[in-house]
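Reading through the structure tokens given below for one structure.
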Amino acid sequence: KILGTVTTVTALTVEVLDRGNEKTTFAITKDTKIRVGKGAGTIKDMRTGLRIAVGAEEADDESFVALTIQLPERPAQEEAR
């Protein structure tokens, strides 16, 4: 599991900067489970600057595929929108 801050997010990838200042890019697939707090989330919930936890596996080509992405709970004011 990698803990870090989102530096870039696209429709297919998320780049995370970890505590060691190392950037890792994770592929996001249809099987990637995205959670916001205890609820389900989508890629639209991700934005730069968020602290996230990524559970991933390494592919044969040494790239990483995100299996799970855990985002923090949404602030109350965002829930009201």
Side-chain angles (χ1 to χ4, degrees):
K1 206 172 227 188
I2 305 278
L3 300 172
T5 303
V6 176
T7 56
T8 310
V9 64
T10 70
L12 300 173
T13 63
V14 61
E15 186 179 74
V16 177
L17 182 68
D18 67 20
R19 288 179 191 227
N21 258 1
E22 194 170 316
K23 284 185 182 176
T24 305
T25 301
F26 299 94
I28 298 171
T29 69
K30 63 179 177 37
D31 296 324
T32 302
K33 304 278 187 258
I34 299 174
R35 312 266 313 153
V36 178
K38 291 184 169 63
T42 69
I43 194 151
K44 292 180 176 141
D45 293 308
M46 278 194 278
R47 60 188 179 276
T48 57
L50 271 185
R51 302 256 325 134
I52 66 170
V54 181
E57 67 181 7
E58 192 169 354
D60 293 337
D61 63 359
E62 297 185 3
S63 65
F64 292 94
V65 176
L67 302 175
T68 60
I69 299 174
Q70 180 66 53
L71 307 175
E73 195 71 62
R74 286 186 191 97
Q77 70 268 22
E78 285 188 22
E79 298 246 344
R81 287 186 201 165

More than 12 heavy atoms from other groups under 6.0 Å of CD on E22 = no
Compute whether any side-chain donor of one residue and acceptor of the other, for S63 and D61, lie under 3.5 angstrom apart.
-> yes
Which atom of A53 lies closest to which atom of L3, heavy atoms considered = CB-CD2, 3.4 Å
Taking all non-hydrogen atoms of both residues, which atom of G41 and which atom of V36 are closest, and how far apart?
-> CA-CG2, 3.7 Å
Rounded to the nearest 0.5 Å, what separation is found between the CD1 atom of I43 and the OG1 atom of T32?
-> 8.5 Å
CG-CD distance between L50 and Q70, expressed to the nearest 0.5 angstrom = 11.5 Å
Determine whether V54 and M46 fall in the same hydrophobic cluster, where Ile, Leu, Val, Met, Phe, Trp and Tyr are linked whenever their side-chain heavy atoms lie under 4.5 Å apart.
-> yes
Using the rule that two of Ile, Leu, Val, Met, Phe, Trp, Tyr join whenever any of their side-chain heavy atoms come within less than 4.5 Å, decide whether I2 and L71 are in one cluster.
-> yes
Side-chain contact test, heavy atoms from C-beta onward, threshold under 4.5 Å: evaluate it for E57 versus L67 and give yes or no.
-> yes
Apply the side chain to side chain contact (heavy atoms under 4.5 Å, CB included) test between F26 and each candidate in I52, L12, V16; give the one that qualifies.
-> V16
Looking at T13, T10, V14, V65, which hits side chain to side chain contact (heavy atoms under 4.5 Å, CB included) with I28?
-> V14
Is the shortest heavy-atom distance from the side chain of T42 to the side chain of I34 under 4.5 Å?
-> no
Does V6 share a hydrophobic cluster with L17, counting links as ILVMFWY side-chain heavy atoms below 4.5 Å and allowing steps through other members?
-> no
R19, R51, E15 screened by side chain to side chain donor-acceptor pair (under 3.5 Å) with T5, the one that passes | R51
